[in-house]
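Read through the structure below, which is laid out as structure tokens, and then see the notes.
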There are 2 protein chains.
Amino acid sequence: MVSASVKDVAALAGVSVGTVSNVLNRPEKVSGEVTARVQAAIDKLGFVRNDAARQLRAGMSHSVGLVVLDAANPFFTELARGAEDRAAAEHFTVLVGNSNEDAGREAAYLDLFEQQRVRGVLLSPVGNVIPRLEQMRRRGIPTVLVDRQADNPSFSSVAVDDLAGGEMAVAHLLSTGRRRIAFVGGPEGIRQVADRLAGARKAMETAPDATLEVISTESLTVLSGRAAGEAIRLRPAAERPDAIFAANDLLAVGVLQGLMLMGGVPVPDEIALIGYDDIEFAAAAVVPLSSIRQPSALIGSTALELLLREASSEAGFVPRQVVFPPELVVRASTRA
Amino acid sequence: MVSASVKDVAALAGVSVGTVSNVLNRPEKVSGEVTARVQAAIDKLGFVRNDAARQLRAGMSHSVGLVVLDAANPFFTELARGAEDRAAAEHFTVLVGNSNEDAGREAAYLDLFEQQRVRGVLLSPVGNVIPRLEQMRRRGIPTVLVDRQADNPSFSSVAVDDLAGGEMAVAHLLSTGRRRIAFVGGPEGIRQVADRLAGARKAMETAPDATLEVISTESLTVLSGRAAGEAIRLRPAAERPDAIFAANDLLAVGVLQGLMLMGGVPVPDEIALIGYDDIEFAAAAVVPLSSIRQPSALIGSTALELLLREASSEAGFVPRQVVFPPELVVRASTRA
DNA sequence: CCCTTTCATTGAAACGAATCAAAACTGTGA
DNA sequence: TCACAGTTTTGATTCGTTTCAATGAAAGGG
């Protein structure tokens with residue numbers, strides 16, 4: 001029942017283990033006759049290489065880790081796809097962990113990845129992990145931050161300019177005549193949320209007659225959004241905002257559900273709504289959602305490329321902060 | 001730069017490697033004074049256990065593999081979450097692979113998982129992998145099929161009765177007076193698709209005056225659905241179906257988009273639409289989608305439990321085919 | 001026919017952690 | 001002081017693969 005090893009293969013084929021290894025790794029070094037005999041033995045025994053042993057010998061794995069804030073968010077699945085495709089091209093595997101916006105789970109995944117001796121880590125951080133990442137780098141495991149710009153210039157990052165994106169979203173709302181803006185998002189400890197809000201505040205400066213209300217949520221999920229939407233719907237009409245900027249599309253979808261429950265508040269007539277990420281479902285929502293598009297797969301593939309470059313460069317690697325521009329996508333939810 | 005090993009820790013602490021190992025794995029066997037010295041050395045050197053070495057020694061990993069048809073489908077992310085939660089409780093890790101409905105990628109992931117000596121595999125199969133799975137079982141790696149019932153009674157599976165679900169969906173359409181039904185889905189090689197269609201056919205038998213048209217798609221994605229929806233929209237009105245059953249919600253969302261483009265065909269007035277899976281976005285669609293709900297997280301956790309049980313039972317394990325009942329969820333898209 | 005070169009093949013050593021029988025302690029009672 | 005029973009600690013061995021210096025055999029040159 002226990003699986004066959006090179007030793008068994010070697011014995012059956014009547015060669016040494018070194019030769020079996022050569023057949024596996026440097027077939028050009030081995031004569032045709034021997035190769036055939038070894039192959040036959042491999043097939044007969046159902047030999048499968050033991051990755052743990054290879055890795056132990058090699059000292060490093062052929063994997064990289066990826067920790068995302070929310071594996072159910074299509075933005076991150078797209079990002080992961082981009083990273084995986086790029087990794088596959090280099091014969092690397094991506095191990096995906098879901099921190100669920102929880103610093104504890106994030107740390108647990110980093111532990112795991114260190115124990116696996118991954119080549120590097122792509123991270124969309126929750127807590128303040130910079131000290132931890134510096135420690136990991138000292139141990140030879142580099143990190144590239146994804147979906148948020150590194151404030152520490154010694155780290156590479158691939159992100160979209162969330163400040164500009166937030167500004168863009170609110171400027172758009174203002175340009176359609178809205179004045180009582182609400183920002184729905186949280187927790188503020190998450191950098192993307194903070195930046196998008198900061199961008200929103202910046203846009204507000206251009207309209208002194210407009211007001212910005214901040215409505216905090218527990219997480220960036222449809223459920224949190226629905227709760228926020230319902231709370232707004234239940235307010236007296238006069239106290240409702242006339243436009244909502246949601247920190248991501250999941251929230252926006254939830255807000256929309258919350259607002260429309262029981263023939264509620266019409267969107268965009270009474271309240272305009274814009275999200276962030278432009279996930280595939282945004283266009284398919286009850287009221288097609290305006291959003292700020294991020295090139296998710298491109299972020300993933302670019303980050304992976306930077307990571308592998310940093311991992312393989314002996315020294316003198318210069319970290320890069322790649323910033324893609326966000327793009328406003330206007331749909332029915334913000335039409336006048 | 002290369003990381004420290006137990007040997008280094010032992011040297012610094014002035015003890016043997018065996019003692020370091022004991023501190024790590026059986027702290028109760030080691031005196032307080034020594035434990036403290038070893039801990040200090042571990043911290044000082046930044047020692048991190050090498051998983052490859054542990055695994056090699058142990059002979060088996062602490063992971064299970066999961067191969068899904070489409071990692072971007074919320075149904076599967078939910079299923080994965082269920083499996084991961086259950087696995088975490090048993091101190092196991094889940095490695096997720098995305099076959100993307102491609103038999104080649106599926107096989108590649110199975111290869112990878114075998115090399116990693118995973119404890120077992122959860123699989124939502126594309127091709128005919130049964131022979132392969134039997135081979136893996138002989139090598140000590142059991143499989144549990146997810147989201148489709150095993151036709152081979154020697155395999156465990158956790159699924160929803162897709163035949164009943166398909167029947168339920170079409171029976172519902174018929175009960176609202178629809179008569180020209182279309183099934184949108186594919187490829188038919190995927191068992192879930194075939195079963196849901198078979199269920200649809202079964203329901204048709206109760207209504208001799210109704211017709212069922214099958215519209216094949218390349219894949220179970222929003223994009224494929226949109227193409228199908230557009231094709232239907234472009235037909236002369238008389239040749240359009242009056243109800244559509246989409247093989248999953250992603251398709252349904254796409255069909256909806258395709259139908260409604262350029263102020264197209266009204267749903268449900270002219271065409272009713274029902275999907276399958278009841279993903280979170282179904283309720284949030286332009287026209288909230290009726291659907292057949294599957295308990296996705298429960299499928300994942302149940303499958304993981306069966307898998308671990310099979311993996312740890314010496315012999316005489318009796319495979320089980322768990323079948324959950326589907327549930328009809330009626331929303332606006334099929335209202336008369 | 002011997003010497004050199006080339007080439008395929010060998011086999012021991014390494015990777016890092018876990019195990020476990022044996023050794024080294026400790027303290028107790030005689 | 002010694003025997004004995006516990007308790008700690010030791011260190012050689014194991015896991016499966018890769019690597020690489022060494023070996024052997026065959027081919028080519030003089």
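Computation of the quantities below employed the complete heavy-atom set of this structure, encompassing side-chain atoms and omitting hydrogens, waters and symmetry-equivalent molecules. Sequence lines set the chain letters: A, B, ... in the order given, protein chains first and strands last, and positions in each chain run from 1.
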Side-chain N or O of A:S31 versus OP1/OP2 of C:dC7: is the shortest distance under 4.0 Å? no
Give A:S5 one of three labels, base, sugar-phosphate or nothing, depending on what nucleic acid heavy atoms sit under 4.0 Å from its own. sugar-phosphate
Going 5' to 3' along DNA chain D, between which two nucleotides do contacts with chain B fall, using a heavy-atom cut-off of 4.0 Å? D:dT9 to D:dG16
Within this structure, what is the CG-to-P distance between A:L56 and C:dA14, rounded to whole angstrom? 14 Å
Axis-to-axis angle between the two ends of the helix from C:dC1-D:dG30 to C:dA30-D:dT1 (five base pairs per end, rounded to 10 degrees): 70°
Phosphate contact (C:dA18 OP1 or OP2) by B:R54 side-chain N/O below 4.0 Å: yes
Whole angstrom value for the distance that separates P of C:dC15 from CZ of A:R117: 14 Å
When all nucleic acid strands are considered with a 4.0 Å heavy-atom cut-off, which category describes A:V23: base, sugar-phosphate, or nothing? nothing
Can you tell whether the side chains of B:D70 and A:R81 come within less than 4.0 Å, N to carboxylate O? no
Quick one: A:R26 CZ to C:dT9 C1', roughly how many Å, whole number? 12 Å
Under 4.0 Å between any heavy atoms, over every strand shown, what does B:G59 touch: base, sugar-phosphate, or nothing? Just pick one. nothing
Base, sugar-phosphate, or nothing for A:V15, non-hydrogen atoms under 4.0 angstrom? sugar-phosphate
B:E114 bridged to B:R132 by N-O distance under 4.0 Å: yes
Start at the 5' end of DNA chain D and walk down; is the nucleotide closest to B:V30 or to B:R57 reached first? B:V30
Electrostatic pair B:D151:B:R191 at N-O distance under 4.0 angstrom: yes
Rounded to the nearest angstrom, tell me the gap between atom NZ in A:K7 and atom P in C:dG11. 13 Å
Checking side-chain polar atoms at under 3.5 Å, does A:N50 have a donor or acceptor matched by the opposite partner on B:Q115? no
Exceeds 12 heavy-atom contacts within 6.0 angstrom, atom CD of B:E218: no
Name the nucleic acid region contacted by B:S21, choosing base, sugar-phosphate or nothing; use a 4.0 angstrom heavy-atom cut-off, strictly under. base
Does any donor atom in the side chain of B:S63 or B:R117 lie under 3.5 Å from an acceptor atom in the other side chain? no
Any side-chain donor-acceptor pair under 3.5 Å between A:E84 and B:N98? no
Which residue lies toward the 5' end of DNA chain D, B:A58 or B:G14, if each is placed at its nearest nucleotide? B:G14
Please report the distance, rounded to the nearest Å, between CG in A:N22 and C1' in C:dA8. 9 Å
Which part of the nucleic acid, if any, lies within reach of B:V34 when heavy atoms closer than 4.0 Å are counted: base, sugar-phosphate only, or nothing? sugar-phosphate
Would you kindly give the CE-to-P distance between A:M60 and C:dG16, to the nearest whole Å? 11 Å
Atom pair distance, as rounded to whole Å: NZ in B:K29 and P in C:dT19: 13 Å
Beyond-backbone contact of B:T93 with B:H62, side-chain heavy atoms, under 4.5 angstrom: no
Does the side chain of B:V30 reach to within under 4.5 Å of the side chain of B:P27, using non-hydrogen atoms? no
Students often get this wrong, so: under 4.0 angstrom with heavy atoms, is B:N25 touching a base, only sugar-phosphate, or nothing? sugar-phosphate
Rounding to a whole Å, what distance do you find between A:N50:CG and C:dG16:C1'? 14 Å
Could you tell me whether the side chains of B:R86 and B:T302 share a donor-acceptor contact shorter than 3.5 Å? no
